[in-house]
2 protein chains.
Amino acid sequence: MFSIGQLSKDSGVKVPTIRYYESIGLLPEPGRNTGNQRRYDGAARDRLRFIHHARALGFAVDDIRALIKMSDHPERPCMALDQIARDQLAKTRTRIARLQALEAELARIVANCEGEVVGNCSVLAALGDHSQCAGPHGPTALSLSDQGLA
Amino acid sequence: MFSIGQLSKDSGVKVPTIRYYESIGLLPEPGRNTGNQRRYDGAARDRLRFIHHARALGFAVDDIRALIKMSDHPERPCMALDQIARDQLAKTRTRIARLQALEAELARIVANCEGEVVGNCSVLAALGDHSQCAGPHGPTALSLSDQGLA
DNA sequence: TATAATCCCTCTAGTGACTAGAGCATCAAG
DNA sequence: CTTGATGCTCTAGTCACTAGAGGGATTATA
């Protein structure tokens, strides 16, 4: 049995984040010692590592909740589980593609700058005039929230 | 002079978002008609388009604020302005690189699945055991907020 | 045993960039 | 003059944390 600080070091998850995970039901409530401090066991550490790894791979908390729920039924087929992972892979690829389009556009904008004054700066001009864009970020092609920015 | 709804259509920015931009000082407060409704002119539309385009390229609101401020001094050198754009390009490239590392890891995890039951699912195993990872998302290599997830 | 440093507790509020909804006022068309 | 769309303000919610206040508990050292 160990303290929340020890668990934090073992797992790489910050102390407030561990408490946050408990508050949203990702981690079960642990036991307490006589001084009301949380005391964890190896199972808690394993689950927290699982959560941390999944978050590091970009899974949403809701996905992780679903993964944990499924892991409680080891006899069932794992199709739904794999599907969550495949969806995450697809989301990641979509994000990469969109960011690459932005990268190309930004590179074009930056390349045109000739280091003069603001008044005739090509960067400002490019930002102000959407029609100069060759890339795929037309008014409807990209939603901001899909860029991983929101 | 046109209404906020018309401005929204012209710019591709939703009505509540326009009001939000005004509330945080990105857009100047427009005039009102006798019924207290906002009335915009072409300059407002141009500025909103500028903001929209910059957001679509991933610039943070604070960056956009800085860009707008600089555009008020057309006689100054545009170095600082270009630097913001170059920083954005660098950020975008960093995000792409990190997402590509995640993509590789996810692809590896998903590829190992043989479609059986949850109990021996390789996806769960891979998520639970960080040490299986070949990629660069070690415990300290990636912070979650740097993935564009936060 | 006393004390100091470190750790832990709960609770509230803040982050970024919006989005949703309540409850009401105004406008444009027929 | 009515009706439906549009507009107004204000509050609260989103996501996944993070920061801070104001205290209590534990542990290491003197």
Side-chain angles (χ1 to χ4, degrees), chain A residues 1-27 29-40 44 48 51-66 68 88 91 95 142-150, chain B residues 1-27 29-40 44 48 51-66 68 88 91 95 142-150:
Chain A
M1 301 293 270
F2 33 90
S3 70
I4 197 169
Q6 195 55 51
L7 180 64
S8 172
K9 275 174 203 153
D10 286 0
S11 64
V13 179
K14 288 177 195 160
V15 167
T17 305
I18 295 173
R19 288 197 277 250
Y20 168 72
Y21 286 158
E22 181 186 326
S23 79
I24 62 170
L26 265 194
L27 273 179
E29 292 185 22
R32 304 278 180 136
N33 71 359
T34 55
N36 196 35
Q37 300 193 348
R38 292 169 178 82
R39 287 295 174 262
Y40 296 92
L48 184 54
I51 294 167
H52 185 49
H53 194 190
R55 283 293 299 128
L57 286 166
F59 288 88
V61 163
D62 273 356
D63 290 338
I64 297 171
R65 222 190 295 274
I68 288 172
Q88 185 57 36
K91 270 185 214 161
R95 271 211 274 254
L142 274 178
S143 86
L144 296 171
S145 61
D146 285 340
Q147 294 173 42
L149 301 164
Chain B
M1 301 293 271
F2 33 91
S3 70
I4 196 169
Q6 195 56 50
L7 180 64
S8 173
K9 274 172 204 155
D10 286 1
S11 64
V13 179
K14 288 177 196 159
V15 168
T17 305
I18 295 172
R19 286 197 278 248
Y20 168 72
Y21 286 159
E22 181 185 325
S23 79
I24 62 171
L26 265 195
L27 272 180
E29 293 185 21
R32 305 278 179 135
N33 70 359
T34 54
N36 196 35
Q37 300 193 348
R38 291 167 178 83
R39 287 298 175 261
Y40 296 93
L48 183 55
I51 294 167
H52 185 50
H53 193 191
R55 284 292 300 129
L57 286 166
F59 288 88
V61 163
D62 274 357
D63 290 336
I64 298 171
R65 222 189 293 274
I68 288 172
Q88 185 57 36
K91 272 185 212 160
R95 271 211 275 255
L142 273 178
S143 85
L144 296 172
S145 62
D146 284 340
Q147 294 173 42
L149 302 165

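Below, chains carry the letters A, B, ... as their sequence lines are ordered, and counting in each starts from 1.
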### Message
Check this one for me: any side-chain N or O of B:K14 less than 4.0 Å away from OP1 or OP2 of C:dT19?
### Response
yes

### Task
By nearest nucleotide on DNA chain D, pick out whichever of B:G5 and A:Q37 is the more 5' one.
B:G5

### Query
Rounded to the Å, how far apart are A:D62 CG and D:dT14 P?
11 Å

## Note on the structure
A:R55 has its side chain closest, among C:dC9, C:dA17, D:dC17, to D:dC17

### Closest to the A:P16 side chain, choosing from D:dT6, D:dG7, D:dT18
D:dT18

### Message
Expressed as a whole number of angstroms, how long is the span from B:Q6:CD to C:dT26:P?
### Response
22 Å

### Query
Rounded to whole angstroms, how far apart are CG on B:L27 and C1' on C:dA17?
14 Å

### Task
Tell me what B:I24 touches on the nucleic acid: a base, only sugar-phosphate, or nothing, going by heavy atoms under 4.0 Å.
nothing

### Atom pair distance, as rounded to whole Å: CD in A:E22 and P in C:dT10
8 Å

### Query
Which nucleotide in the list D:dT26, C:dA17, C:dC27 gets nearest to the side chain of B:V61?
C:dA17

### Message
If the cut-off is 4.0 Å, is A:S3 near the phosphate of D:dT26, judged by side-chain N/O to OP1 or OP2?
### Response
no

### Query
Quick one: is B:T17 getting a side-chain N or O under 4.0 Å of the C:dT19 phosphate, OP1 or OP2?
yes

### Phosphate OP1/OP2 of D:dA25: any A:N33 side-chain N/O under 4.0 Å
no

### Rounded distance in Å - CZ (B:F2) to C1' (C:dA28)
19 Å

### Query
Is A:R95 reaching over with its side chain to a backbone N or O of B:R95, donor-acceptor style, under 3.5 angstrom?
no

### Query
Roughly how many Å is it from OH in B:Y20 to P in C:dG16, rounded to a whole number?
8 Å

### Query
D:dT6 phosphate, OP1 or OP2: any side-chain N/O from B:R19 under 4.0 angstrom?
no

### Whole angstrom value for the distance that separates P of D:dT9 from CZ of B:R38
4 Å

### Task
May I have the distance from B:R32 (atom CZ) to D:dG7 (atom P), rounded to whole angstrom?
12 Å

